[in-house]
Amino acid sequence: PTPPLPANTFVAAVNSSAKIKKARLLARLHASDFVVLDTRSDPEYLGWQLYGEVRGGHIPGSVQISYPRFFNADKTVLRYGALRTMFESRGITKDKEVAAHCTVGIRSGFGYFLLRLMGYPLAKNYDGSIAEWSADSACPMQKAPRFSEIVHPSWVKALIDYSSGASLTPPPEYPYDASHKYLIFETQWGTLADATAYTSGHIPGAIHSNSDTYENGYPRWFLLPDSELHAALGTMGITADTTVVVYSDSPIFAARLWWILKYAGVTDVRFLNGGYAQWIAEGYAGETATNLPTPTTFTGTVHPEYLATTSQVAKYVRKGSLMFLTDVRSRKEYVGKISGYDYLEAKGRIPGAIWAHDGSGDEYIDADDGTLRSYTEIKSLWRSFGITSSQASRFDRKVIFYCGSGYRSALAFLYAHLMGYDNILNYSNGWEDWSTIYTEDASCTGITPGWCQEPSNRPIEVGAP
């Protein structure tokens with residue numbers, strides 16, 4: 001047998017450089033060579049209080065990369081190149097002092113480990129983290145002004161349990177009693193026969209919402225007139241005071257339905273960040289049973305301040321400087337190389353539009369898990385394009401978002417609404433309505449058989465600005 005090792009005395013040499021204290025973090029907070037890495041989840045960063053923290057939200061200026069994003073699907077750590085891109089693209093560079101934190105220093109401890117492994121000499125772990133920081137009123141915190149409209153799976157589960165009587169505790173930020181009506185919608189294009197994302201599994205009780213329900217059909221796909229829109233909402237069992245949770249495996253489809261319901265006058269609409277994939281990832285069970293809506297009568301009041309019409313956009317184009325007209329299509333669509341749709345001929349952009357990246361791309365959606373990018377990153381992105389705000393609730397000019405037909409622009413609107421801005425509109429009919437006049441004609445045999453597409457003769461631009 002191996003002989004026992006002789007007893008010895010361990011003498012610790014504390015490495016104080018591995019740790020940052022609250023006072024130093026507070027003193028260094030806005031320094032150009034300092035960055036705070038928040039490794040908590042999206043809900044925590046937005047403002048939800050999940051672990052008993054005194055205040056919800058995040059440390060101002062912090063960069064959020066949630067702990068699970070350090071790993072591949074098989075739980076191995078991302079390769080060096082992917083981690084480097086993840087950090088450096090968010091301003092976390094080796095020349096800066098980096099303070100990682102989470103709730104009590106555990107998730108951030110792994111973030112610190114990765115940073116040191118990758119050669120960040122000034123990386124530190126703030127082990128007091130938000131538990132300590134939020135308890136001190138002298139330490140500033142921020143939250144998304146309308147964070148409660150972006151919900152997470154445990155909130156939805158709490159809603160289901162509370163409403164069914166399985167729990168006596170309502171979900172946070174829910175002002176209703178257990179008898180209050182709620183509906184959960186999985187949304188995507190197509191009837192149930194096409195809706196494989198729904199039929200393969202969905203949140204218990206969820207109803208499939210076909211995007212065609214709210215639009216005027218092939219080949220235009222424009223939002224229905226208000227009276228028809230309200231009738232359509234009634235067929236889905238929605239009333240103005242129904243709490244509605246929307247989700248999709250495509251964030252732009254969920255955002256589109258979220259925006260439609262907000263515009264139509266539904267008071268309480270919630271967007272489930274990450275959709276069904278996050279529901280399953282958090283360990284909740286799904287179902288495959290088909291749930292159908294119970295039709296009702298919808299009598300809400302529309303919010304015209306959320307919708308930009310073609311005539312309004314034309315007026316602003318003529319006047320020029322009264323708005324930030326924001327194009328969230330792909331770069332190829334913006335410069336006029338492609339229309340972006342196999343049923344649309346027209347190419348180009350609305351004159352004066354600012355290109356703010358593709359609303360369905362990685363700049364707006366975390367590709368690895370389908371969740372929203374940090375809203376503070378989107379705010380910084382827009383600021384880099386000159387879309388500025390000097391007030392808490394208003395951009396310096398009215399902002400009109402547009403894409404091809406209102407889906408990507410609905411996601412941009414959702415971000416701006418989450419940030420607390422009120423002078424924002426979605427040009428729902430978008431480039432398709434701006435550029436094209438459709439006429440039903442059986443003799444037309446182009447890319448939309450039975451319909452002729454003619455230029456609208458409204459001004460357009462092509463090429464790089």
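The structure displayed is predicted, hence computed values, not measured ones.
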Review point. Do any pairs count as a salt bridge (Lys or Arg N to Asp or Glu O under 4.0 Å) and have a residue in residues 236-265, sequence neighbours left out, and if so which ones?
Key: E149-K262, E215-R256

Check your understanding: Using the ring of each side chain (for Trp, its six-membered ring), is W221 parallel, tilted or perpendicular to Y343, with breaks at 30° and 60°?
Key -> perpendicular

Point to revise | Where L292 and L192 come nearest, the two heavy atoms and their spacing | key: CD2-CD1, 4.1 Å

Check your understanding: Do R408 and E333 pass the salt bridge (Lys or Arg N to Asp or Glu O under 4.0 Å) test, and can you show the C-alpha distance, the side-chain angles, and the key distance before you say yes or no?
Key -> CA-CA 13 Å; R408 289 171 284 182; E333 290 172 90; 2.9 Å; yes

Practice item. Carefully, step by step, assess R24 and E97 under the rule salt bridge (Lys or Arg N to Asp or Glu O under 4.0 Å). Key: CA-CA 11 Å; R24 177 170 176 81; E97 181 181 10; 3.0 Å; yes

Check your understanding: Between atom OH of Y438 and atom CZ of R220, what is the distance when rounded to the nearest 0.5 Å?
Key -> 9.0 Å

Review point. Would you say the side chain of P68 lies within less than 4.5 Å of the side chain of D369, judging by non-hydrogen atoms?
Key: no

Check your understanding: Using the benzene-type ring in the case of Trp, are the ring centres of F271 and W258 under 6.0 Å apart?
Key -> no

Practice item. State whether a side-chain donor-acceptor pair under 3.5 Å links T103 with E53. Key: no

Check your understanding: What's the shortest heavy-atom distance between I59 and L29, and which atoms?
Key -> CG2-CD1, 3.5 Å

Check your understanding: Heavy-atom distance under 4.5 Å between the side chains of T243 and V266, does that happen here?
Key -> no

Exercise for review: To the nearest 0.5 Å, tell me how far I238 CD1 sits from M236 CE.
Suggested key: 6.0 Å

Check your understanding: Taking all non-hydrogen atoms of both residues, which atom of D362 and which atom of R373 are closest, and how far apart?
Key -> O-NH1, 2.7 Å

Practice item. Could you tell me the separation between the CG atom of D422 and the CZ atom of F395, rounded to the nearest 0.5 Å? Key: 10.5 Å

Point to revise | Side-chain touch H180/Y174, heavy atoms, less than 4.5 angstrom | key: yes

Check your understanding: Tell me, do L257 and V244 make a side-chain contact under 4.5 Å, heavy atoms counted?
Key -> no

Exercise for review: Step through it carefully: locate the ring centre of Y407, locate the ring centre of F253, and say whether they are under 6.0 Å apart.
Suggested key: yes

Exercise for review: Starting at CD1 of I106, measure out to OG of S129 and round the result to the nearest 0.5 Å.
Suggested key: 9.0 Å

Review point. Do the rings of W259 and F413 sit parallel, tilted or perpendicular, given the 30° and 60° boundaries?
Key: perpendicular

Review point. CG of L425 to CD1 of I400: how many Å apart, nearest 0.5 Å?
Key: 5.5 Å

Study note, to complete from the structure: Smallest heavy-atom separation, S209 atom then Y214 atom, equals OG-OH, 2.8 Å

Review point. If you measure only the distance, is there a donor-acceptor pair under 3.5 Å linking the side chains of T242 and T239?
Key: yes

Review point. Does CZ in R84 sit with more than 12 non-hydrogen atoms of other residues, nucleotides or ligands closer than 6.0 Å?
Key: no

Point to revise | Worked check of side chain to side chain donor-acceptor pair (under 3.5 Å) between S428 and N426 | key: CA-CA 5 Å; S428 178; N426 180 16; 4.7 Å; no

Check your understanding: Is the number of heavy atoms from other residues, nucleotides or ligands under 6.0 Å of K19 NZ greater than 12?
Key -> no

Review point. Taking it one step at a time, do E44 and R107 satisfy salt bridge (Lys or Arg N to Asp or Glu O under 4.0 Å)?
Key: CA-CA 13 Å; E44 293 169 273; R107 289 171 287 182; 3.0 Å; yes

Practice item. Determine whether the side chains of Q64 and D42 contain a donor N or O and an acceptor N or O closer than 3.5 Å. Key: yes

Check your understanding: So F298 and H230, ring pair (Phe, Tyr, Trp, His ring centres under 6.0 Å) or not? Walk me through it.
Key -> CA-CA 6 Å; F298 186 91; H230 281 178; 4.7 Å; yes

Check your understanding: If we only count heavy atoms from C-beta on, is the S108 to Y126 side-chain gap below 4.5 Å?
Key -> no

Practice item. Classify the angle between the aromatic ring planes of W451 and Y218 as parallel (below 30°), tilted (30 to 60°) or perpendicular (above 60°). Key: perpendicular

Check your understanding: Does NZ or CZ of R349 come closer than 6.0 Å to the centre of the six-membered ring of Y334, within 45° of the ring's axis?
Key -> yes

Review point. Will you find, in the side chains of D396 and S389, an N or O donor that is under 3.5 Å from an N or O acceptor?
Key: no

Practice item. Could you tell me whether the side chain of H101 reaches within less than 4.5 Å of the side chain of D38, counting heavy atoms only? Key: yes

Check your understanding: Regarding S250 and S248, is there a side-chain donor-to-acceptor distance under 3.5 Å anywhere?
Key -> no

**Study point:** Pair H58 + Y45: ring centers closer than 6.0 Å
**Key:** yes

Check your understanding: Does a side chain donor of either D194 or W189 reach within less than 3.5 Å of an acceptor in the other side chain?
Key -> no

Review point. Between T235 and A232, what is the shortest heavy-atom contact and its length?
Key: OG1-O, 2.5 Å

Check your understanding: If you draw a 6.0 Å radius around NZ in K181, do more than 12 non-hydrogen atoms from other residues or ligands fall strictly inside?
Key -> yes

Check your understanding: Could you walk me through whether T213 and N210 pass the side chain to side chain donor-acceptor pair (under 3.5 Å) check?
Key -> CA-CA 6 Å; T213 303; N210 180 358; 5.0 Å; no

Review point. Can you tell if the side chain of V104 reaches within under 4.5 Å of the side chain of Y51, non-hydrogen atoms only?
Key: no

Practice item. Determine, for E305 against K398, whether the closest basic-nitrogen to carboxylate-oxygen distance falls under 4.0 angstrom. Key: no

**Study point:** Salt bridge D358-R331, side-chain N to carboxylate O under 4.0 Å
**Key:** no

Practice item. Measure from the ring center of Y247 to the ring center of H202 and say whether it is less than 6.0 Å. Key: no

Check your understanding: Can you name the nearest heavy-atom pair linking T326 to I387, along with the distance?
Key -> OG1-CD1, 3.6 Å

Point to revise | Side chain proximity check, C403 to W431, heavy atoms < 4.5 angstrom | key: no

Check your understanding: Is the Y375 to Y364 ring centre distance short of 6.0 Å?
Key -> no

**Study point:** W48 side chain to S148 backbone, donor-acceptor under 3.5 Å
**Key:** no

**Study point:** K96 atom NZ, neighbour heavy-atom count above 12 within 6.0 Å
**Key:** yes

**Study point:** N125 CG to Y112 OH distance, which is reported to the nearest 0.5 Å
**Key:** 8.0 Å

Review point. Which of parallel (below 30°), tilted (30 to 60°) and perpendicular (above 60°) describes Y427 and W434?
Key: perpendicular

Review point. Within the side chain of Y182, is there an N or O that forms a donor-acceptor pair under 3.5 Å with the backbone of I160?
Key: no

